[in-house]
Number of protein chains: 2
Amino acid sequence: MITKQITKINWYENAEKIFIATDCIIFGFDEGILKLLVFERLVNPLKGELSLIGSFVKPNETAPQAAHRVLKEITGLDNIFMEELKTYTEVDRDSGARCISIGQYALIRIDEYDKELVKKHGALWYEVDKLPKLVLDHNKMVEDALNRLRRKSKFYPIGIELLPKNFTIPQLQNLYEVIHQKKLDSRNFRKKLLSLKLLIPLNKKDMSGSKKGAFLYKFDYKKYKKLEENGFNFSLFK
Amino acid sequence: MITKQITKINWYENAEKIFIATDCIIFGFDEGILKLLVFERLVNPLKGELSLIGSFVKPNETAPQAAHRVLKEITGLDNIFMEELKTYTEVDRDSGARCISIGQYALIRIDEYDKELVKKHGALWYEVDKLPKLVLDHNKMVEDALNRLRRKSKFYPIGIELLPKNFTIPQLQNLYEVIHQKKLDSRNFRKKLLSLKLLIPLNKKDMSGSKKGAFLYKFDYKKYKKLEENGFNFSLFK
DNA sequence: CCAAAAGTGTTCGTCGTACACCCATGA
DNA sequence: TCATGGGTGTACGACGAACACTTTTGG
């Protein structure tokens with residue numbers, strides 16, 4: 001027993017600990033434009049430079065917990081859609097110290113977040129295709145997250161997370177067109193979408209987008225979940 | 001400048017370093033069975049128990065480098081297909097110390113690895129559906145990796161990495177049937193596969209699987225790469 | 001000669017795609 | 001009344017799915 005304990009101590013003593021951070025790639029969809037929430041650093045190091053919102057992972061929390069903690073702090077939102085992207089482990093990615101980062105991308109509903117809080121923390125929305133230089137490897141993280149968003153939204157209804165809970169079909173089409181940088185035929189889009197029977201009609205119109213107004217729907221998450229378990233693919237175009 | 005330096009030091013001093021490991025979920029395909037390479041621990045801690053093959057990430061290497069290092073050590077192989085799966089960051093996942101792990105799954109060609117080396121390191125192949133209890137959260141890692149393999153192999157030709165470089169169409173079909181736990185129609189499978197024009201015929205037969213023998217092919221990686229850049233999906237069934 | 005796996009074509013239905021007009025409304 | 005975006009139907013082609021028999025050869 002004593003031997004085992006000693007060996008165990010040696011086992012860990014042979015290794016070196018490393019700083020571990022998590023960075024959030026936060027997307028929002030505002031007036032037909034895909035945007036990213038970045039952060040003007042209020043403190044050193046790198047004060048004044050732009051970066052993703054991140055944090056060290058603390059000894060008593062998991063990486064997702066750390067990410068949700070900072071997201072809550074800055075947007076006021078719980079229950080944000082967030083998913084691990086990948087780790088960034090280059091030896092010299094952070095000149096200050098050896099530090100690996102777990103990239104996590106988040107999709108937030110632009111009508112829900114706390115605008116005061118965001119402003120207070122020096123966070124700003126940038127259009128994804130007009131991004132400034134960010135610190136360290138953060139631009140690469142954004143690029144990776146965009147690719148993931150594009151690929152994943154082809155087969156999973158994660159785009160819905162970027163729209164208000166009640167949304168119209170033209171809004172969703174517009175979102176898909178922006179994400180995939182491609183015009184879609186509205187008749188085919190609508191037909192395919194409705195054939196999935198995953199939208200619950202609210203029989204109310206949203207009048208903000210046009211004079212005629214467009215019917216509002218909400219997504220049937222429960223039904224989708226059941227379908228997904230049987231290998232169903234949510235795909236709206238090829 | 002001095003101020004900045006001091007602030008910077010404080011920035012990192014507020015954080016705590018953590019042990020960081022990487023674990024490899026190594027799949028192989030042998031005689032129609034999907035297998036996993038596990039490791040009987042030769043040293044403490046947990047001597048004698050079964051685990052995935054892993055290592056701490058050293059101060060001077062990235063996580064993929066660490067994974068390739070241990071894979072080379074144990075199988076003798078370079079250039080193994082390997083991809084990050086996800087991180088495992090539960091606070092108490094390792095009772096010995098706070099330690100997060102980056103799971104990476106690997107696909108190896110069962111005809112290529114160094115059997116002597118593997119034996120020497122106490123590594124053993126287990127059928128994936130007859131897995132024993134592994135240490136820590138390693139069974140969860142395997143489950144996650146299997147799900148990834150199933151999903152990803154539907155749209156990307158990663159299954160090829162599990163077959164010898166020269167393989168037959170029935171071999172590939174068999175692999176797909178095993179991965180996706182589903183019988184496929186050989187006529188439709190063959191037709192679809194050949195229509196992609198991604199197999200280079202070798203005009204040689206493999207006689208090991210039947211009396212008649214089956215023609216050998218190799219995969220046209222170059223051609224696939226070009227197609228993939230244009231959004232092409234390698235998919236052999238629904 | 002026979003068992004066992006490899007290889008080959010056709011039919012049918014579904015789904016993706018292309019395409020043009022009317023509707024409702026606020027200004 | 002007109003400009004703007006919302007909503008609807010049809011025809012065609014491609015592709016996935018179902019399905020049965022012949023070929024080869026080692027034993």
Side-chain angles (χ1 to χ4, degrees), chain A residues 29 31-33 153-155 163-164 166-178 180 182-218 227 230-238, chain B residues 29 31-33 153-155 163-164 166-178 180 182-218 227 230-238:
Chain A
F29 183 63
E31 315 214 346
I33 298 172
S153 63
K154 263 192 164 172
F155 301 110
L163 295 179
N166 300 340
F167 59 88
T168 69
I169 293 178
Q171 271 174 9
L172 185 61
Q173 181 180 341
N174 182 220
L175 173 65
Y176 268 76
E177 290 178 338
V178 169
H180 296 99
K182 173 196 281 201
K183 267 270 164 218
L184 299 173
D185 182 282
S186 69
R187 291 159 292 190
N188 294 336
F189 184 85
R190 175 182 298 268
K191 193 181 350 151
K192 173 76 191 187
L193 178 59
L194 291 174
S195 77
L196 302 177
K197 310 212 184 232
L198 284 168
L199 296 192
I200 301 169
L202 299 173
N203 301 313
K204 276 189 302 182
K205 280 195 169 184
D206 169 81
M207 304 304 292
S208 66
S210 71
K211 292 159 187 169
K212 186 179 178 182
F215 280 106
L216 286 162
Y217 297 84
K218 60 179 183 177
L227 290 174
N230 301 320
F232 169 81
N233 262 342
F234 181 91
S235 133
L236 297 178
F237 66 97
K238 253 202 173 169
Chain B
F29 184 64
E31 316 215 346
I33 298 171
S153 62
K154 263 192 165 171
F155 301 110
L163 294 179
N166 300 340
F167 59 88
T168 69
I169 293 179
Q171 272 174 6
L172 185 61
Q173 182 180 339
N174 182 219
L175 174 64
Y176 269 76
E177 290 179 338
V178 168
H180 295 99
K182 171 196 282 200
K183 267 270 163 218
L184 298 173
D185 182 281
S186 68
R187 292 158 292 188
N188 292 336
F189 184 85
R190 178 182 297 269
K191 191 177 358 148
K192 173 74 191 190
L193 178 59
L194 291 174
S195 77
L196 302 177
K197 308 210 186 239
L198 284 169
L199 297 192
I200 302 169
L202 300 173
N203 300 314
K204 277 189 301 182
K205 280 196 170 184
D206 169 80
M207 303 304 293
S208 66
S210 70
K211 292 159 187 170
K212 187 180 179 183
F215 280 107
L216 285 162
Y217 296 85
K218 59 179 185 178
L227 290 173
N230 301 320
F232 169 82
N233 263 342
F234 182 91
S235 129
L236 296 178
F237 67 97
K238 252 203 173 166

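So that the names make sense, note that chain A is the first sequence line, chain B the second, and so on, each numbered from 1. Just so it is clear, the values below take in all heavy atoms, side chains as well, and ignore hydrogens, waters and symmetry mates.
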K.L.:
Could you state the atom-to-atom distance from NZ of A:K154 to C1' of C:dG16 in whole Å?
P.N.:
14 Å
K.L.:
So, taking the atom named CG in A:L175 and the one named CD1 in A:I33, what distance separates them when rounded to the nearest 0.5 Å?
P.N.:
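Rounded to the nearest 0.5 Å, the CG-CD1 separation comes out at 13.0 Å.
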K.L.:
So which atom in A:F232 and which in A:L227 form the shortest heavy-atom distance, rounded to 0.1 Å?
P.N.:
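In this case the closest contact between A:F232 and A:L227 is CB-O, 3.1 Å.
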K.L.:
Take B:K238 and A:Q171, find for each the nucleotide of DNA chain D with the closest heavy atom, and name the residue whose nucleotide sits nearer the 5' end.
P.N.:
A:Q171
K.L.:
Spell out protein contact along nucleotides 19-27 of chain C as letters: B when the base is contacted, S when just the sugar-phosphate is, - when no protein heavy atom is under 4.0 Å; keep the 5' to 3' order.
P.N.:
BB--BBBB-
K.L.:
May I have the distance from B:L184 (atom CG) to C:dA5 (atom C1'), rounded to whole angstrom?
P.N.:
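Distance, rounded to whole Å: 17 Å.
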K.L.:
Quick one: which residue pairs count as a salt bridge (charged side-chain N to carboxylate O under 4.0 Å, His left out) with a foot in residues 192-213 of chain B, not counting sequence neighbours?
P.N.:
none
K.L.:
At what distance, to the nearest 0.5 angstrom, does NZ of A:K191 lie from CG of A:N188?
P.N.:
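Nearest 0.5 Å value for the NZ-CG distance: 5.0 Å.
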K.L.:
Does any part of the side chain of A:F215, heavy atoms only, come nearer than 4.5 Å to the side chain of A:I169, both counted from C-beta?
P.N.:
no
K.L.:
May I have the distance from B:K192 (atom NZ) to C:dT8 (atom P), rounded to whole angstrom?
P.N.:
18 Å
K.L.:
Using the test side-chain contact (heavy atoms from CB on, under 4.5 Å), find all partners of A:K238 that sit at least two apart in sequence or belong to another chain.
P.N.:
none
K.L.:
Let me know the distance between CG of B:L194 and P of C:dA6, rounded to the nearest Å.
P.N.:
14 Å
K.L.:
Report the distance from atom CZ of B:F189 to atom CG of B:L236, rounding to the nearest 0.5 Å.
P.N.:
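One gets 5.0 Å once the value is rounded to the nearest 0.5 Å.
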K.L.:
Checking the side chain of A:Q173 only, and the main-chain atoms of A:R190 only, is there a donor and an acceptor separated by less than 3.5 Å?
P.N.:
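No; judged by distance alone, with no hydrogens or angles, the pair does not exist.
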K.L.:
What is the distance, rounded to the nearest whole Å, between atom CG of A:L193 and atom P of C:dG16?
P.N.:
13 Å
K.L.:
Can you check the B:N233 CG to C:dG16 C1' distance for me, whole Å?
P.N.:
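The distance from CG of B:N233 to C1' of C:dG16 comes to 15 Å, rounded to the nearest Å.
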K.L.:
Below 4.0 Å from chain B heavy atoms, what is the first contacting nucleotide of DNA chain D and what is the last?
P.N.:
D:dG16 to D:dG26
K.L.:
NA contact type, A:F237, heavy-atom cut-off 4.0 Å: base, sugar-phosphate, or nothing?
P.N.:
nothing
K.L.:
Rounded to whole Å, please give me the gap between NZ in A:K183 and P in C:dA18.
P.N.:
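Going from NZ in A:K183 over to P in C:dA18 covers 15 Å.
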K.L.:
Run through DNA chain D and report every stem of 3 or more consecutive Watson-Crick or G-U pairs, distances under 3.5 Å, ordered by first number.
P.N.:
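Correct response: C:1-27 with D:1-27.
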K.L.:
Using whole Å, what does the distance between atom C1' of nucleotide C:dA4 and atom CG of B:N174 come to?
P.N.:
15 Å
K.L.:
A:Y217 side chain to A:L198 main-chain N or O, any donor-acceptor pair under 3.5 Å?
P.N.:
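A pair under 3.5 Å: no.
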K.L.:
Among all residues two or more places apart in sequence or in another chain, which pass the side-chain contact (heavy atoms from CB on, under 4.5 Å) test with B:I200?
P.N.:
B:K218, B:D220
K.L.:
In Å and rounded to the nearest 0.5 Å, what is the CG to CZ distance from B:L196 to B:F234?
P.N.:
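So the CG of B:L196 and the CZ of B:F234 are separated by 6.0 Å.
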